[in-house]
K.L.:
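Once you've had a glance at the structure underneath, I'll fire off some questions.
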Amino acid sequence: MQVDARSCSKRRQQVGMTQKTTTGLTQEDHHQTSSTTHEKAFPVLSFNYSYVKQPFEISLWILLALLMKLGFHIIPRVSDVVPESCLLIVVGLLIGGIIKVIREKAPILDSQRFFLYLLPPIILDAGYFLPIRPFTENMGTILVFAVVGTLWNAFFIGGMMYGVCKAEGVELASVDLLSCLLFGSIISAVDPVAVLAVFEEIHINELLHILVFGESLLNDAVTVVLYHLFKEFSHKGTVTVSDALLGVVCFFVVSLGGIMVGAIYGVLGAFTSRFTSHTRVIEPLFVFLYSYMAYLSAEVFHLSGIMSLIACGVMMRPYVEANISHKSYTTIKYFLKMWSSVSETLIFIFLGVSTMAGPHAWNWTFVIFTIILCLVSRVLGVIGLTYIINKFRIVKLTKKDQFIVAYGGLRGAIAFSLGFLLTESQMKNMFLTAIITVIFFTVFVQGMTIRPLVELLAVKKKKESKGSINEEIHTQFMDHLLTGIEDICGHYGHHHWKDKLNRFNKAYVKRWLIAGERSTEPQLISFYNKMEMKQAMMLVESGSSAKLPTLVSSVSMQNIQPKEPQTRRAIPSISKSREEEIRKILRANLQKTRQRVVPFTHHLLMCVCECAERRVEMCCRHLISFNKGLSFANSNCLNVSARQLRSYSRHDLMTDPFEDNVSEIRFRKQRVEMEKRVSYNNNIIVH
């Protein structure tokens, strides 16, 4: 019985333990289930700003830049007085002050952000749409200002600042000569961003605009070489003759290497556009990517990225526009304008924010003398170089032109970014403070006063004129005429080499880089196609699409894939006798030109052309009115001959050795016969 009682009690204890364990497990499972249910509840709203912080802030900066630009153009009174760059810098100063008050870290315009992301769109837009004709015609003047002028500014400012630092009472004796020359190389270059921002608002004439803007583009190679040269010399402490010679070699390597890299990528971009007729959507991307790759490839080897972008845009544009569709061209044009405008706005805003961020080391003597020496060196350089340049120019630079070129030498963010690359020291802070002061002085003082000075001096402004086919014909006629005069005089000027380059381009380059029949299309026909397409787009935008079919011909729709093969245009032909007669007349005129040594000038040639056109027009009117005996076929043949005569170039008229010794008496007889005919017609008019 006792054993049974003990066994029963043990069983009861085991059952109790089992119930407790089961109850505990049930409670734990309940808690786990409830906690799991609580954790898996659907989040209605969550906040994770760190995930989108960087793109969100970039979007905010771009939106702020666009709103500032929009507000600037809405208020016309402000835009007439203050340049847009000045207002953007003020906005940047206000934003930088707010950021400093709330004790947040302000975004600084560092060199990598500026040179790799903000500067390339502006330079690509300027290089791709660069006016080639005025740029090449003034290439010599631009190179003199960009190379010799920048060297003069760098050494003059650096040497004079070294003298200022060594003066008693200035307390800058620790600044050595190489550091002053390094500072002079940074502050001497004209900034293309600042020049574009100011000169596009005042609408200065094309000559002054291309001189100042071309200088700001081409002085990049000089600035880069001088900056790296003096930076290395300041670390070494000594300069040898071999180092100076290597610096000269480095200048040619940096400049010509950058041009070569840009030209290679430009040719690749043009060749790629030959095969995009079936995928028009990606055409603009090739232009942007090849250009940006040219800039980055030049920066890899420390070449001039700016000159690489300019060379790529200039090389690529004529061939790409012949291959791509009009929609792609419009996309490239407006995207580049938008991209460069946003970059320019961000640069000036970041410049104001970086100014408030600091640090600064203010020295009144250093800052004031920097501003004075920048102005003095610019004025002396422009006056001295213009005195030499005017001896070789046909169109001389006047005193007003020299003043605008000197006054338009603005400094900008490139100088600030180069100063930001210096090693950390008290000297770097002093240099940056002086650079920022010079930038603010040129942008605010010179930028705000250049418009009233242009109006006060009555400087010629840019005329907005639409190109016409008549103007293009006269331009090509003058080019051929001047080329022929250079050949007759035995002087191989830039017209001669330009003609050689055009013939090489037409014979070889166009065949490889332009697809289809447009590779052999004459220049006038190509120009007419562009004008026709532009007029058609204007009609479409204005809503006059009903008139569109009468204006758009099949010739101008080269970018649309034809369903049927197009036939080649028939070229009118003339008889051999008529061709020989035309050659005799032209050869006789050239013979007279050789015998008379006349000092031709541009204005004299224009007067001669006008007089000749009037005489030809009068003779044609008399012949058409009174020569009723001529048949319609003969008159049609005469018109065809005249058109064929216009299509001749100086190379088609080869000298015939059997007709070189034509007597002067024969031409006198022809002139007498012509005078008799004219007098006979005049008598008929009188009667």
K.L.:
Give the minimum heavy-atom separation between Ala126 and Leu196, together with the two atoms involved.
P.N.:
CB-CD1, 4.4 Å

K.L.:
For Tyr387, does the six-membered ring have the charged nitrogen or CZ of Lys391 within the cation-pi criterion, i.e. under 6.0 angstrom from the centroid and within 45° of the normal?
P.N.:
yes

K.L.:
When you measure from the side chain of Ser111 to the backbone N and O of Ser417, does any donor-acceptor pair fall under 3.5 Å?
P.N.:
yes

K.L.:
Using modelled atom types and a 3.5 Å cut-off, is there a donor and acceptor pairing between side-chain atoms of Thr433 and backbone atoms of Ala361?
P.N.:
yes

K.L.:
Please check if atom NE2 in His302 has more than 12 non-hydrogen atoms from other residues, nucleotides or ligands closer than 6.0 Å.
P.N.:
no

K.L.:
Give, for atom OG1 of Thr370 and atom CZ of Phe183, the distance between the pair rounded to the nearest 0.5 Å.
P.N.:
4.0 Å

K.L.:
Just checking Tyr51: does its OH atom have more than 12 heavy atoms from other residues, nucleotides or ligands closer to it than 6.0 angstrom?
P.N.:
no

K.L.:
How about NZ on Lys498, more than 12 heavy atoms from neighbouring residues, nucleotides or ligands closer than 6.0 Å, or not?
P.N.:
yes

K.L.:
May I ask you to check whether over 12 heavy atoms, not counting those of Lys399, lie within 6.0 Å of atom NZ?
P.N.:
no

K.L.:
Taking the six-membered ring of Tyr128, is NZ or CZ of Lys333 closer than 6.0 Å to its centre and within 45° of its axis?
P.N.:
no

K.L.:
Take atom CZ of Phe251 as the centre, draw a 6.0 Å sphere, and report whether it contains more than 12 heavy atoms from other residues, nucleotides or ligands.
P.N.:
yes

K.L.:
Between Ser216 and Phe213, is there a donor-acceptor pair closer than 3.5 Å when you use the side chain of the first and the backbone of the second?
P.N.:
yes

K.L.:
Are the side chains of Phe301 and Val254 in contact, using a 4.5 Å heavy-atom criterion?
P.N.:
no

K.L.:
Taking the side chain as every heavy atom from C-beta outward, state whether Gln402 and Asn390 have any atom pair closer than 4.5 Å.
P.N.:
yes

K.L.:
Taking atom NZ of Lys166 as the centre, does the number of heavy atoms from other residues, nucleotides or ligands within less than 6.0 Å exceed 12?
P.N.:
yes

K.L.:
Do Asn153 and Thr150 meet the criterion of a side-chain donor-acceptor pair at a distance under 3.5 Å?
P.N.:
no

K.L.:
Do the ring planes of Phe440 and Phe444 sit parallel (below 30°), tilted (30 to 60°) or perpendicular (above 60°)?
P.N.:
perpendicular

K.L.:
Using 30° and 60° as the class boundaries, would you call the ring planes of Phe366 and Phe431 parallel, tilted or perpendicular?
P.N.:
parallel

K.L.:
If I take atom CG from residue Leu453 and atom CD1 from residue Ile404, how far apart are they, to the nearest 0.5 angstrom?
P.N.:
6.5 Å

K.L.:
Are any non-hydrogen side-chain atoms of Thr223 and Ile186 less than 4.5 angstrom apart?
P.N.:
no

K.L.:
Given side chains that start at C-beta, do those of Val144 and Ile389 come closer than 4.5 Å, heavy atoms only?
P.N.:
yes

K.L.:
Is the closest side-chain heavy-atom distance between Ile414 and Val193 below 4.5 Å?
P.N.:
no

K.L.:
Step by step, work out the side chain to side chain donor-acceptor pair (under 3.5 Å) result for Ser291 and Tyr265.
P.N.:
CA-CA 7 Å; Ser291 302; Tyr265 276 98; over 6 Å; no

K.L.:
Is any side-chain heavy atom of Phe348 closer than 4.5 Å to one of Glu84?
P.N.:
no

K.L.:
Got a sec: does the CE of Met161 have more than 12 other heavy atoms crowding it under 6.0 Å?
P.N.:
yes

K.L.:
Enter the distance from Arg451:CZ to Ile202:CD1 here, rounded to the nearest 0.5 Å.
P.N.:
7.5 Å

K.L.:
May I ask you to check whether Phe420 and Phe114 place their ring centers less than 6.0 Å from one another?
P.N.:
no

K.L.:
Kindly say whether Leu351 contributes a backbone atom to a donor-acceptor pair with the side chain of Ser354 at under 3.5 angstrom?
P.N.:
no

K.L.:
Does any part of the side chain of Tyr295, heavy atoms only, come nearer than 4.5 Å to the side chain of Leu124, both counted from C-beta?
P.N.:
no

K.L.:
Evaluate the criterion salt bridge (Lys or Arg N to Asp or Glu O under 4.0 Å) for residue pair Arg133 and Glu137; output intermediate values, then yes/no.
P.N.:
CA-CA 6 Å; Arg133 188 179 184 87; Glu137 289 178 351; 3.2 Å; yes

K.L.:
Can you find a heavy atom in the side chain of Arg378 that is under 4.5 Å from one in the side chain of Tyr407?
P.N.:
no

K.L.:
Are there over 12 heavy-atom neighbours, none belonging to Met260, within less than 6.0 Å of that residue's CE?
P.N.:
no

